[in-house]
Amino acid sequence: MKVSQLFGRTSKTEGIDYKIPSHRMLTQAGYIRESTAGRYYLLPLGLNVHDKIIDVVRKHMNAASAQEVVMPVLHPLELWQETNRTTTTGFELMKVTDRRNAEFALGGTAEEMAVDLVRKFNISYKDLPFNIYQFSMKFRDEMRARGGLLRVREFVMKDAYSFSNEAQFKEIYQKMWDAYKAIFEELGLKADVVAADNGYIGGEYCHEFVVESEQGESRYFIDETSGYAAHEDVATFKVDDKNLDEAMHDMEEVDAVRGTTMEDGVKFHNLPLWQQTKDVLFFDEATKRYILAIIRGDFDVNETKLMQAAGAWELRPATEEEVRDDLGSEPGFISPIGMVKKGNKSGHDVVIVGDKSLRTVRNMYGGANKKHRDILNINIDRDYKPDIEADIALAQPGFMSPDGGKLVEKKGIEVGNIFQLGYHYSNLMHDAEYTDETGKRQKYYMGCYGIGIGRTMAAIVEAHHDDKGIIWPDTLAPYTVYVARIGEAEAVMKAADELYEALQAAGVSVLYDDRVEARAGEKFADADLLGIPYRVVVSDRTIKSNQYEVKKRTETDAQMLDKDNVIKVVAGVK
RNA sequence: CGGGGUGUGGCGCAGUUGGCUAGCGCGCCGCGUUUGGGACGCGGAGGUCGAAGGUUCGAGUCCUUUCACCCCGACCA
């Protein structure tokens with residue numbers, strides 16, 4: 001390709017105010033162009049790389065015996081109603097109506113479609129297991145698009161859906177895990193595999209593939225000695241026992257003219273923070289219940305874990321008015337003891353969820369549901385009993401991992417994930433069944449597996465760039481060689497043209513900077529910005545010796561080679 | 001959706017307490033001089049000042065409404 005003919009061009013100023021390197025460089029180098037917030041044009045260079053990433057993903061999916069299909073982008077809305085996801089998805093579903101008034105959802109993920117497709121075939125155990133996948137545009141009406149390709153409203157996703165029985169599933173999940181490791185490794189990314197929350201997708205467990213990056217939005221913890229890795233939403237840690245050797249004392253209600261913070265309580269009673277109870281009241285809009293979370297004073301409540309434990313969907317903190325008027329308690333002095341759980345003013349029940357850390361402390365202290373009154377020597381079981389006991393504590397850097405090492409906090413870009421879905425969808429959708437060996441109908445046991453192609457592209461740039469521009473891994477670069485022709489002397493033009501032809505004849509992909517209007521500095525700057533692995537200069541200087549100047553993007557020194565050796569060096573990387 | 005901010009040629013911006021023909025740099029087109037790390041001169045094209053309504057003799061500038069975009073939060077590939 002000749003630069004003079006390439007659609008899209010580099011710019012010194014375009015995108016200069018984009019803060020995130022991949023966003024700025026991909027825009028300035030002419031790989032992408034924004035349409036409106038979160039929707040991008042992929043220009044020829046951008047599509048070139050995007051396609052190469054897809055090729056890598058496809059290769060490994062096929063090797064893991066997944067089979068490629070394409071599903072419609074418009075999903076019949078009935079399917080989403082079947083699984084109740086018209087209301088429970090984290091992203092706002094985008095809907096369209098056709099001329100017959102049939103309603104469709106713009107696909108944001110395709111579990112329902114996959115199930116609907118498979119059940120049309122009335123399959124039996126002989127068909128299992130199998131895994132079908134596609135590359136297709138996904139639509140998500142994100143609250144806020146951000147960071148160029150990192151978080152957008154339309155993007156190509158590779159999404160795969162596996163169907164099996166329960167016994168077969170582990171192997172499929174492992175296969176996808178291994179395929180993902182191989183994919184990201186081939187793409188030049190070091191991905192951590194992190195346990196995470198299933199969220200609106202459903203199922204019981206899942207893993208995210210996260211590339212460590214300052215620009216990432218995922219926070220996760222790693223125990224570097226054991227390899228334990230978990231998203232902050234689900235990370236667990238070892239809780240130390242505090243004063244379990246102490247005898248239980250009698251409960252006592254006392255005056256407590258103090259402020260409403262935890263520190264106020266510590267100061268007033270002159271007792272450790274960990275001995276205080278932290279009582280946090282939430283309201284779940286989905287199930288219309290109050291949820292009272294109780295935890296040891298030195299820990300915080302993890303809302304994701306709390307939602308899982310309580311079966312809640314739309315948690316929000318309760319307001320001060322609700323605490324007072326509905327529950328007859330007092331902000332800052334909430335307590336499970338004496339809490340009216342049923343038949344309170346609002347008619348909404350209260351569910352008490354206790355963290356397991358409450359069993360590591362004796363004789364705790366906390367509010368008495370009355371202003372300026374506290375209770376001392378509170379002990380679980382004797383004085384109150386949570387409706388649900390679970391781990392609802394938020395992990396913090398430095399805490400001890402379940403394996404005994406230290407938890408280190410990291411930030412990263414989530415480029416892919418794998419979900420166990422189990423019977424989640426086959427329970428919700430009718431006829432999601434196969435016939436087993438005995439002729440009985442059994443539900444599909446499912447998994448799903450996603451990779452965002454554009455986000456992966458951005459993650460690669462985040463991982464591979466310098467202050468001059470992108471540094472593509474050799475196999476992903478849109479072109480292997482950038483031929484920079486300097487000057488317009490007849491002999492130079494001829495030599496450059498010949499080199500361009502010769503490289504192409506040798507099967508090397510070349511971007512030939514034949515612009516007469518651009519000067520040397522501009523061409524060098526563009527070669528660096530574009531991130532092409534090799535730059536070959538043809539100029540007065542080089543043709544004098546009948547040689548060419550060859551420089552790798554990753555190196556500072558160039559070498560002089562004759563044409564055959566240029567081709568030899570460069571042909572090795574295509 | 002909550003909080004903060006910005007909308008003026010393709011990009012980056014200036015435009016004072018309302019005032020005359022809306023400017024500058026980059027980029028783009030033409031001619032010339034240049035030619036190894038983003039040159040220079042001369043000439044040129046390109047603008048419903050985000051949109052709608054209002055105040056006024058007069059609005060880029062003031063008022064109202066609205067839309068878009070950016071940054072911070074909750075969500076995700």
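Each chain gets a letter, A, B and so on, in the order the sequences are listed, and its residues count up from 1.
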> Any idea which of B/rC28, B/rA77, B/rC70 is nearest the A/E414 side chain?
Replying inline: B/rA77
> Nearest of B/rA77, B/rG73, B/rC26 to any side-chain atom of A/V152?
Replying inline: B/rA77
> Considering only side-chain heavy atoms of A/E217, which listed nucleotide, B/rC76, B/rC70, B/rG37, is closest?
Replying inline: B/rC76
> If you check every side-chain atom of A/E488, which of B/rA77, B/rG38, B/rU35 has the closest atom?
Replying inline: B/rU35
> So which nucleotide from B/rC70, B/rA77, B/rC76 ends up closest to the side chain of A/N417?
Replying inline: B/rA77
> Which one is paired to B/rC49, where only Watson-Crick or G-U wobble pairs with both distances under 3.5 angstrom count?
Replying inline: none
>> At 4.0 Å (heavy atoms only), tell me whether A/G487 reaches a base, stays on the sugar-phosphate, or touches nothing.
In response: nothing
> Between B/rC69, B/rG38, B/rC26, which one does the side chain of A/T13 approach most closely?
Replying inline: B/rC26
> Which listed nucleotide (B/rU34, B/rC69, B/rG37) is nearest to the side chain of A/D528?
Replying inline: B/rG37
> Picking from B/rC28, B/rA77, B/rG37, which would you name as closest to the side chain of A/R140?
Replying inline: B/rA77
> Taking a pair as Watson-Crick or G-U wobble with both distances under 3.5 Å, which nucleotide is matched to B/rA14?
Replying inline: none
>> Pairing check on B/rA39: which nucleotide meets the Watson-Crick or G-U wobble criteria with it, both distances under 3.5 Å?
In response: B/rU33
>> Could you tell me the Watson-Crick or G-U partner of B/rC62, where both distances fall under 3.5 Å? Say none if there is no partner.
In response: B/rG54
> Partner of B/rC20 by Watson-Crick or G-U wobble geometry, both contacts under 3.5 Å, or none?
Replying inline: none
>> Can you identify which nucleotide, out of B/rC69, B/rC72, B/rG37, has its nearest atom closest to the A/F524 side chain?
In response: B/rG37
>> Applying the Watson-Crick and G-U wobble criteria at under 3.5 Å, what pairs with B/rC76? Answer none if nothing qualifies.
In response: none
> For the pair made of CZ in A/R153 and C1' in B/rC69, what is the distance, rounded to whole Å?
Replying inline: 10 Å
> Among B/rG38, B/rC11, B/rA77, which nucleotide sits nearest the side chain of A/T10?
Replying inline: B/rG38
